[in-house]
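Notes to accompany the following structure.
Residue numbering restarts at 1 for every chain, and letters A, B, ... go by the order of the sequence lines. Hydrogens, waters and symmetry mates play no part in the numbers below; they use all other heavy atoms, side chains included.
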2 protein chains.
Amino acid sequence: NLIEGAHDAWSGWLCVLLVGLCTGMVAGGIDIGASWMTDLKFGICPQAFWLNREQCCWSSNETSFDSGNCSQWLTWPEMLGQSREGAGAYIISYLFYIVLALLFAALSASLVRMFAPYACGSGIPEIKTILSGFIIRGYLGKWTLIIKCVGLILSVSAGLSLGKEGPMVHIACAIGNILSYLFPKYGRNEAKKREILSASAAAGVSVAFGAPIGGVLFSLEEVSYYFPLKTLWRSFFCALIAAFILRSINPFGNEHSVLFYVEYNKPWIFFELIPFIGLGIIGGIIATIFIKANLYWCRYRKYSKLGQYPVTEVLVVTVLTAIIAYPNPYTRMNTSQLIYLLFSQCGISNSDDLCDYNRNFTNVNSAIEIAAAGPGVHKAIWLLILALILKLIMTIFTFGMKVPCGLFIPSLCLGAIVGRIVGIGMEQLAYTYSKNWLFSGECSTGDDCITPGLYAMVGAAAVLGGVTRMTVSLVVIMFELTGGVRYIVPLMAAAMASKWVGDALGRQGIYDAHIALNGYPFLDSKDEFQHTSLAADVMQPKRNETLSVITQDSMSVDDIEALLKETEHNGYPVVVSRESQYLVGFVLRRDLNLAIANAKRMADGICGQSIVLFTSGNPPQTLGPPPLKLKKILDMAPITITDQTPMETVVDMFRKLGLRQTLVTHNGRLLGVITKKDVLRHIKQMDNEDPNSVLFN
Amino acid sequence: NLIEGAHDAWSGWLCVLLVGLCTGMVAGGIDIGASWMTDLKFGICPQAFWLNREQCCWSSNETSFDSGNCSQWLTWPEMLGQSREGAGAYIISYLFYIVLALLFAALSASLVRMFAPYACGSGIPEIKTILSGFIIRGYLGKWTLIIKCVGLILSVSAGLSLGKEGPMVHIACAIGNILSYLFPKYGRNEAKKREILSASAAAGVSVAFGAPIGGVLFSLEEVSYYFPLKTLWRSFFCALIAAFILRSINPFGNEHSVLFYVEYNKPWIFFELIPFIGLGIIGGIIATIFIKANLYWCRYRKYSKLGQYPVTEVLVVTVLTAIIAYPNPYTRMNTSQLIYLLFSQCGISNSDDLCDYNRNFTNVNSAIEIAAAGPGVHKAIWLLILALILKLIMTIFTFGMKVPCGLFIPSLCLGAIVGRIVGIGMEQLAYTYSKNWLFSGECSTGDDCITPGLYAMVGAAAVLGGVTRMTVSLVVIMFELTGGVRYIVPLMAAAMASKWVGDALGRQGIYDAHIALNGYPFLDSKDEFQHTSLAADVMQPKRNETLSVITQDSMSVDDIEALLKETEHNGYPVVVSRESQYLVGFVLRRDLNLAIANAKRMADGICGQSIVLFTSGNPPQTLGPPPLKLKKILDMAPITITDQTPMETVVDMFRKLGLRQTLVTHNGRLLGVITKKDVLRHIKQMDNEDPNSVLFN
């Protein structure tokens, strides 16, 4: 018993260990591949073509590579014998950028279309649905995994306005699903497998951001439907192993395992909470615009001819993105790099336009003083506003295309741009009105008391929070990114304001909206059921219809086969007799079919006239062919409710017990059945939505 | 509808905001009070007696107060005209220390005994039980709150081996309970109130450690029974507000809001995982010894005469603790200070014996080199071993006494001592065998590559993890204490090893063990029910007994009153007739009593012979007195199961739906009832424990 228990516990731990290892390695591969191919759009390392720009420059000993270029790394104009600068070089670069982007995007979309249609999109809505108990065959299969990995590298490299964080969750879950088949305890039991999938989702976010605790909370808050506490620890283990492996692979080549590591010198000031909350409100508004526009476009794609040309759509969007993005340096660069730039504070080493202040650095160790913005900052602000508009529009059209695409990074980027602009504005206000009482406390010494990078971070959290409606997990992820307890309050204030504004303007986050758009049978565990309807109002059959039941000892094999042909229910209640309707049990269609087929094949006298018996006793009459005894396939313990049960309780039972159907009785007599589909349709109806939009297998 | 919904949402947020504010302020008050009274045992600030030693010394401008003493602060011998040093002064100090400790402890125990017996102990086992649905009247009342606060300050100041972290959770929950009565939505609904209590528990841990995220996870993992996701965000908000308020009060007078803020220069080396896991194993063993010994002593106290003299017990333990603790400087100091000392790394400013290495500090900025331990370190190790033994023994006797007492701090202290000793050992190994391949990589440069403080932290986490069986929340709390992502892996390795060792040696953590000891009806949501029994085996009545039922239209008022007198059930099933036993509904004893009393008082013809009707139709016979119609008190939607339902499913339903009883039917006929008490007794029986130890109201 002890050994069995130990083996049982072990197999779970071993499984999540393997999931963590594989997720970390796959994530490392994707990071390396994406960064290499992204740089390939700009140039190549002739001595070792498999190196990206940064790695290429490592091998040279040039210490100053301000814009990341070194003599080892050749841009495409240089490869073609042109100089690095000049109009001709610019045009060649531009063309290479567009052509390579098109190539990558075409390859990604074709791979997805040909080999794994499920590999498109972010995958989080589908994983939420799967974890709620719905089965989508092949969604977490090996082909989806392979194509999603390759397609993700390609579509990220194509410079489309998308991120790799959502797809990473899908990839991790596919790894979890495949590896769970190595352990019969998990592979054979869908409920147990979902525990592994929850842990995998945590590992996915963990490697996406380098934030293991945030990953676990994301899995708990956003992805998982039912999160038993004992999987918390395993999820954490899995997330940590994945982050550890990724850190050991070190794809970014720096000492921090997180995506954007920032440190600020100055704490925030109490009155800054006002602009932070303002950023939250702006973030909520931007998020709502994004969600509504994206949903409108996705609905249009779904119901128009556009949906038939997925590859063409991807190509058109890619060409447009590439053409508009290249001229603006902030959209040309990798989105992650842009976010990092926006988050960081201006120091002595930062030579970007954004840090072009009228200040002199006399001493490395002296405090940075507050200063007026120079012309570079003004130019940067205009470019950033253009970038914001472009990114917002392109992301609306990109999310939902038939390539792997996530929206964490684009959302963060939108928010970071807004935040940085607001931050620079505040900083200049503090510089101009430094004698004002608001600023006089902290800014009077002449130090740079306002950090625009912090505003960028808060803004990023606000937009992401508005789009996904994440709350605690968002704050924890941002906290892990910066490693400072100090900034929790601003982040939380912004996330809260953004969520409230988002909830007020449009009820659902992007994932729930996409679940509803696709009609997945997802019973949201967060919404309360507010109506006063009773089980009797929801159950099938309605008045004047008859309920398909099987009697325990009076139906023949032929009767049952006729019933199976006439109706399409997944299961049938078994009652004492058709007159009394007292409930005995529940039998599944699948089991019935199998048992009857088996019995006929065995040919021990069972024929169409045989009585099917669900009792353990003998048949009432002993004439005729021998009876078919099916008590062993009868579920003697179906969940029942009475017809007077409020639907609130019924919905609660469906959620918490993970039911697929429940039987409705009155004084012990069977009245009807409520299936999950009925519940979902009833909720839609109560919310004045189309009840027939719910998909069901 | 919108306004109502907004008000509904608002009242919850406002409630947790108030809870956070109050918890932060109360915690600040307790911290200030405890630190003042702890210092009062050593001396007084004559100019301003309400200041503790540190505050007293702030007002003086002396910069060097190495042992925390300055001329403003007078020790008791000085107050009595003696010199600060010398044998006479030592004796006077010793006596003052003992007498004041006795005074504080006596006051604490008497207050608890006289005004609020529930204020004793840590309160976490009881809060777990309350959150699982059991009601202990007065446990979270205002008297308990007041006495627990005052008693906590006194018992901490008495120098007993206890911490204030567990009681802080109890205090926060009491605040939450009291404030929830301001909001009818929460005050009137026990289930809703538990959401506020969950948030309060998070705030309690948040202020205890300055770790808001850890607090939320502690509430989620350890305290709360059912944690709906929508309360996650509110708990986080509550925890953050509390931490923010405490930080604004700044009771410790430093810039960090956390209890032990440490920063290490050196990262850990991969092979160090071996000693870390070793520390985890040692921690698990120490924790098991502690739990078993403490349980043995508590059981002895409960069943012997000792339980009748709680104040005497406290006094004896206090005298013994004070006498033994004073001579050893490590036990004389505040436990929190000792932990902080053990966690910190030896720098140039640390003059404690623990840092007496044979090294010369030539330059403040140069790296600290590894060095041989000096005589001070050897002396310190011996004193620490003595302190370890004393603390372990005293904590065993202290936890469970009738004063407010928690065991987070004592557990952390035990672990920190062991960890520091192991760390110093490893460091000396690395110094001695610096040429060995294990150490040669990182230690070859002569830097101090092993940080004994980190070992202390890992050891502390291991013992605390073993005692409480916390996992994720423990790691997150320790992570928030240090603010570095770097040390998650060592902490997790140790916590995991400790939990596994603990689980192997003794099944339960200290809180679950105390719940079992006190016989609280707590249905653990973490354990899986492993047995194959059916509902029919567990239900009441057993064979040959009769079930007390009420028929829907054939019993008179007298019959029902007789039934209420004969039996003591909380409720009765209502059936169609005694012969058929088809279930109609369930009626509560309380409602029946009330309805009958009301009907008699109204005196509209209802007498003992009146038929009680639970149907909506007319009575079968129209002769005799008018019938008493009680359909409105009938619960028409009781949860029912069939007799063939596996107990695994039944236990699951009890846990997830929070049931108090369920009705057992067979083919629609009522067979019996399973109450929560029956389930708990059955589990005890299956685990070969005494089923009658379960308490129930």
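- Using a 4.5 Å cut-off between heavy atoms, B:T471 touches chain A through backbone and side chain atoms alike.
- Contact check for B:W233 versus A:K499: side-chain heavy atoms found under the 4.5 Å cut-off.
- Between B:P638 and A:T642, the shortest heavy-atom contact is CD-CG2, 4.1 Å.
- Taking chain B as the reference chain and counting heavy-atom pairs below 4.5 Å, the highest number among A:I241, A:T645, A:V216 is found for A:T645.
- Looking at B:V475, only its side chain comes within 4.5 Å of chain A, counting heavy atoms on both sides.
- Of the atoms belonging to B:L240, it is side-chain heavy atoms, and not backbone ones, that fall under 4.5 Å from chain A.
- In this structure, B:W500 and A:W13 have perpendicular ring planes: the angle between them is above 60°, well past the 30° mark.
- Only the side chain of B:L217 has a heavy atom closer than 4.5 Å to any heavy atom of chain A.
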**OP:** Any chance you could lay out the side-chain contact (heavy atoms from CB on, under 4.5 Å) test for B:T665 and A:T640, step after step, and finish with the verdict?
**Re:** CA-CA 10 Å; B:T665 60; A:T640 60; 5.6 Å; no
Original post:
For A:L220 and B:L220, what are the C-alpha separation, side-chain angles and deciding distance, and is it a side-chain contact (heavy atoms from CB on, under 4.5 Å)?
Top reply: CA-CA 11 Å; A:L220 170 70; B:L220 171 69; 3.6 Å; yes
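- Using a 4.5 Å cut-off between heavy atoms, B:V576 contacts chain A through its side chain alone, with no backbone atom that close.
- B:M653 is listed as a side-chain neighbour of A:I639, based on a closest heavy-atom distance under 4.5 Å.
- Residues B:M496 and A:F236 form no side-chain contact, since every pair of their non-hydrogen atoms from C-beta on lies 4.5 Å or further apart.
- The heavy-atom pair separating B:M636 from A:Q644 by the smallest distance is CB-CB, 3.5 Å.
- Between B:V575 and A:N667, every side-chain heavy-atom pair lies at or beyond the 4.5 Å cut-off.
- Contact check for A:Y582 versus B:R669: no side-chain heavy atoms found under the 4.5 Å cut-off.
- Here the CG atom belonging to B:L657 is positioned 12.5 Å from the CZ atom belonging to A:R655, to the nearest 0.5 angstrom.
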